[in-house]
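Counting from 1, the numbers follow the sequence of the chain as shown.
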Amino acid sequence: MDAGPETNAAIVPPAAAATEALCWICKTNKADSGEHKTKRSDLLAVLGKPTQEKPFFYHDVDKPNRPVGSLDAKILKSPVRICAHCNNARTQPHDRAWETMSDRLRSRRLAVGQWVRCNSVFGHYRKHEMLNVHLFFLKLFGCMLAEAKANGYDLPIDIDSFSRAIMSGRPHDEVHLQFGKHDGVIGRSNLHVSKTDPGGSVIGAWLYELDTIAVSVLYVQAGGFQHRRDIWHPHSRTSSKRFQIADFMYSKRDEADLTGAGEAAGAQ
């Protein structure tokens with residue numbers, strides 16, 4: 001089951017945007033704080049600080065080449081908000097953990113299949129900080145689910161389970177991460193949701209893309225998960241010790257496919 005051709009929640013209908021809404025995380029405070037789709041510190045580290053005179057350009061399925069002159073531009077933030085307390089105090093440790101991990105991974109020459117030790121990223125607090133990274137991506141995933149709902153998509157993923165995990169500081173049993181080597185795109189993919197056949201388990205996936213690295217965020221309904229060495233979860237056997245680098249080198253793969261096709265055509 002596809003949630004439309006692609007579940008892109010970039011635009012919230014005016015009526016929904018104007019409605020007084022509560023934060024989807026705490027369900028108590030007014031949703032009045034915008035969360036960046038791609039973390040602000042990541043954008044600053046990779047793209048630098050744009051200005052009105054020297055902007056960078058934002059592309060999505062709705063419109064290409066929109067100039068962005070500030071890292072705080074509205075277009076860079078999720079249109080469905082959370083409250084200031086959840087966005088700052090409650091999830092700040094999660095943001096900082098990812099900021100550290102992002103910096104460490106981007107500074108390395110990673111190889112597909114390589115194992116990275118968590119203590120080389122976080123030192124003595126590796127288990128706690130890796131959990132915080134997991135919770136950081138839960139926040140982004142939950143915001144995407146809230147966007148999709150605001151745009152009229154009825155996705156079979158319970159956003160309340162994301163709220164409970166963040167509020168309790170515990171991992172979400174059905175959300176897994178892949179850390180991988182990437183080939184230059186910056187941003188995030190759309191959220192794709194489907195059901196397996198046979199079995200009917202719900203699968204959801206999207207990609208956080210940051211130039212040389214990327215993180216695949218996977219929702220796999222309980223009972224539908226098949227263990228893979230390059231898929232990480234706080235409860236996995238190697239969770240506190242290491243993770244494996246996955247292959248997200250899509251453009252290079254496409255180039256290789258084209259080269260192979262050309263050689264095959266020439267051989268005929």
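- Distance check, rounded to the nearest 0.5 Å: NE2 of His192 to CD1 of Ile203 gives 14.0 Å.
- When atom types are taken as modelled, the side chain of Ser201 and the backbone of Gln221 share no donor-acceptor pair closer than 3.5 angstrom.
- The backbone N or O of Arg126 lies less than 3.5 Å from no partner atom in the side chain of Asn119, so there is not a single donor-acceptor pair.
- Lys181 places a side-chain N or O within 3.5 Å of a backbone atom of Leu110 that can act as its donor or acceptor partner.
- Looking at every heavy atom in both residues, Ser33 comes nearest to Asn87 through OG-ND2, 2.8 Å.
- Tyr208 OH to Arg188 CZ: the interatomic distance, rounded to the nearest 0.5 Å, is 10.5 Å.
- No donor-acceptor distance shorter than 3.5 angstrom exists from the side chain of Asn65 to the backbone of Phe57, with no hydrogens or angles considered.
- The distance from atom CZ of Arg242 to atom SG of Cys118, rounded to the nearest 0.5 Å, is 10.0 Å.
- With a 4.5 Å cut-off on side-chain heavy atoms, Asn29 and Cys86 do not count as touching.
- Between Tyr250 and Phe248, the two ring planes are tilted [angle within 30° to 60°].
- Residues satisfying the side chain to side chain contact (heavy atoms under 4.5 Å, CB included) criterion with Glu129, sequence neighbours excluded, are Ala97, Phe122, Tyr125, Asn132.
- The minimum heavy-atom distance linking Pro50 with Gly48 is given by the pair CD-O, 3.4 Å.
- Using a 4.5 Å cut-off between side-chain heavy atoms of Ile, Leu, Val, Met, Phe, Trp and Tyr, with links allowed through other members, Leu207 and Val185 fall into different hydrophobic clusters.
- Listed for the Thr28 side chain is a donor-acceptor partner under 3.5 Å among the backbone atoms of Cys26.
- Not a single salt bridge (charged side-chain N to carboxylate O under 4.0 Å, His left out) links Asp173 to another residue, sequence neighbours left out.
- Although no hydrogens or angles enter the test, the distance criterion places no donor-acceptor pair under 3.5 Å between the side chain of Ser163 and the main chain of Ile159.
- Ile245 and Ala111 make their closest contact through CB-O, 3.4 Å (heavy atoms, listed as atom of the first residue, atom of the second, distance).
- Between the side chain of Ser102 and the backbone N or O of Trp98, no donor-acceptor pair lies under 3.5 Å.
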Going through the checks in order, is the side-chain contact (heavy atoms from CB on, under 4.5 Å) test met by Arg108 and Thr212? CA-CA 10 Å; Arg108 296 186 177 197; Thr212 58; over 6 Å; no

Decide yes or no on side-chain contact (heavy atoms from CB on, under 4.5 Å) for His182 and Asp211, but give the supporting numbers first. CA-CA 6 Å; His182 198 34; Asp211 195 21; over 6 Å; no

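- Following chains of ILVMFWY side-chain contacts shorter than 4.5 Å, one can reach Met167 starting from Ile157, so the two form part of one hydrophobic cluster.
- At least one donor-acceptor pair under 3.5 Å links the side chain of Ser168 to the backbone N or O of Arg164.
- Closest approach of Asp230 and Ala246 over heavy atoms only: OD2-CB, 3.7 Å.
- The cluster map of Ile, Leu, Val, Met, Phe, Trp and Tyr, joined by side-chain heavy atoms under 4.5 Å apart, puts Trp115 and Val112 in different clusters.
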Would you sort out whether Val46 and Thr38 count as a side-chain contact (heavy atoms from CB on, under 4.5 Å), showing the intermediate values? CA-CA 11 Å; Val46 175; Thr38 301; over 6 Å; no

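- Within the model, atoms CG of Leu22 and CD1 of Ile82 stand 13.0 Å from one another, a figure rounded to the nearest 0.5 Å.
- Checked against Met101 for a side chain to side chain contact (heavy atoms under 4.5 Å, CB included), the options Val116, Ile213, Val133 give a single hit: Val133.
- The two residues Asp32 and Ala84 come nearest to each other via the heavy atoms OD1-N, 3.3 Å.
- Both Ile75 and Leu47 belong to a common hydrophobic cluster when Ile, Leu, Val, Met, Phe, Trp and Tyr are linked at side-chain heavy-atom distances under 4.5 angstrom.
- By the 6.0 Å contact criterion, NZ on Lys27 is enclosed, its count of non-hydrogen atoms from other residues, nucleotides or ligands being greater than 12.
- With rounding to the nearest 0.5 angstrom, the NZ atom of Lys37 is 15.5 Å from the CG atom of Asp42.
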Counting only pairs under 3.5 Å, give me each side-chain donor-acceptor contact of residues 135-145, with atom names and distances, residues two or more places apart or in other chains.
residue, atom, partner, partner atom, Å
Lys139, NZ, Glu35, OE1, 3.3
Lys139, NZ, Thr91, OG1, 2.9
Lys139, NZ, Asp95, OD1, 3.0
Lys139, NZ, Asp95, OD2, 3.3

Show the numbers, then the answer: is there a side-chain contact (heavy atoms from CB on, under 4.5 Å) between Val175 and Leu218? CA-CA 6 Å; Val175 176; Leu218 307 169; over 6 Å; no

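- Residues Ser70 and Leu76 share a closest heavy-atom pair of O-CD1, 3.6 Å.
- Each of His235, His233, His172 was compared with His134 under the ring-ring contact (aromatic ring centres under 6.0 Å, His included) criterion, and only His233 meets it.
- Going from atom OG of Ser216 over to atom CG of Leu177 covers 8.5 Å, rounded to the nearest 0.5 Å.
- Counting heavy atoms from C-beta on, the side chains of Trp24 and Lys149 never come closer than 4.5 Å.
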